[in-house]
Amino acid sequence: MIGAALRQLLDEEQLREGVGRLAEEINGHYQGRPLTIIGVLTGSVVLLADLIRLLDMPLKVGLVQATSYRGATTPGELELNLDLLPDIAGRQVLIVDDIFDTGHTLAALVEKFMALGPAQLRSAVLLRKAGRVEVPLQPDHVGFEIPNEFVVGYGLDYADLYRNLPHVAALDPEDLSPQHGQKQSAAASGENGS
Ligand code: 5GP
Ligand code: MG
């Protein structure tokens, strides 16, 4: 897949500005009150590293992993691993993910987390895809609206590659190979421990 056609959508400067905007909104909301941020592995790690350094409150950081196994046309089966989740009871909690696509990942996390009794639960994503939402829920903070294309870079992968690109790029559909069957088509629609 190295050598696949990538079209840059957001350059490093735009990403820096977008993450700065997110941080301002989040700082504005919490006003210095303690916060627990929960990053969704693996795609959120780059955002998480950049974002938390701009936040100005007593901050704890935890992680969960969300993996969806999804065919091109079939609905996804989502697997959540909460082993690394710290105690969130009574805490103000912010879920941070790379991208909001259909919304099923965030909806499932919100349901799980609410059962653990946080004082408040909100969410932030770097990217939101236009016209894809399938749940009655939206993230509280969104860095960028993007068109409905498969994107990689800045933490986002295709088949576990490209996470280290410093910018966000769209991968052309002909490069989303169906050859590995479900694993690949799942990645194409947003799979992968991402
Ligand atoms: P949702 O559950 O909202 O449909 O999908 C959210 C998850 O799917 C994201 O956390 C991300 O892991 C993955 N995803 C959705 N769209 C894309 C995309 O365009 N590129 C990549 N790399 N992952 C995506
Ligand atoms: Mg993900």
Side-chain angles (χ1 to χ4, degrees), residues 1-2 4-10 15 18 22 37-49 51 62-82 84-85 94-113 122-178 180 182-194:
M1 288 310 301
I2 295 288
L6 295 172
R7 253 176 315 109
Q8 184 168 295
L9 286 186
L10 297 167
L15 286 165
L22 278 178
I37 278 203
I38 306 295
V40 183
L41 291 172
T42 305
S44 75
V45 293
V46 180
L47 171 63
L48 198 63
L51 181 65
L63 296 165
V64 293
Q65 184 170 36
T67 308
S68 52
Y69 299 91
R70 197 182 309 171
T73 54
T74 53
E77 189 186 311
L78 185 69
E79 198 177 287
L80 298 179
N81 178 347
L82 305 187
L84 296 174
L85 185 67
L94 180 72
I95 301 174
V96 170
D97 204 358
D98 50 5
I99 186 166
F100 183 89
D101 183 18
T102 65
H104 288 293
T105 303
L106 190 60
L109 286 169
V110 164
E111 191 186 329
K112 287 269 186 211
F113 285 19
R122 293 164 56 82
S123 56
V125 298
L126 180 71
L127 308 173
R128 175 167 60 194
K129 273 193 207 174
R132 292 272 299 163
V133 62
E134 293 177 0
V135 297
L137 168 89
Q138 287 289 336
D140 297 288
H141 304 282
V142 176
F144 299 93
E145 303 285 345
I146 61 165
N148 180 19
E149 296 190 81
F150 190 79
V151 293
V152 296
Y154 199 75
L156 291 132
D157 76 307
Y158 174 63
D160 263 329
L161 294 174
Y162 303 115
R163 294 193 197 277
N164 53 325
L165 291 180
H167 55 270
V168 169
L171 201 56
D172 282 342
E174 57 266 33
D175 289 319
L176 297 171
S177 163
H180 300 308
Q182 192 183 359
K183 169 73 181 164
Q184 293 291 310
S185 57
S189 61
E191 174 273 337
N192 49 38
S194 46

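Atoms within each ligand, like the ligands themselves, are counted from 1 in listed order. Computed from a predicted structure; not experimentally measured. We use all heavy atoms of the structure for the numbers below, so side chains are in, but hydrogens, waters and symmetry mates are not.
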Can you name the closest pair of heavy atoms from [X] and [Y] and give their distance?
X	Y	answer
R132	D101	NE-OD1, 2.6 Å
G18	F144	CA-CZ, 3.5 Å
A124	L94	N-CD1, 4.0 Å

D98, any N or O under 3.5 Å of ligand 1 N or O: yes

Contact check: Y158 vs ligand 1, nitrogen or oxygen atoms, below 3.5 angstrom: no

Within reach of ligand 1, part of D97 (heavy-atom separation under 4.0 Å): side chain

Atom pair CD1/CG of I38 and D97 - distance to nearest 0.5 Å: 12.5 Å

Distance (rounded to the nearest 0.5 Å) between D98 CG and L47 CG: 8.0 Å

Of all the heavy atoms in [X], does at least one lie under 4.0 Å from an atom in ligand 1?
X	answer
K129	yes
D157	yes
V152	no
G103	yes
E149	yes

K129 side-chain N/O to E149 backbone N/O, donor-acceptor pair under 3.5 Å: yes

Q138, CD: over 12 other non-hydrogen atoms inside 6.0 angstrom: yes

Ligand-side contact atoms (ligand 1) for residue partner T105, heavy atom cut-off under 4.0 Å: 1 (P), 2 (O), 5 (O), 6 (C), 7 (C)

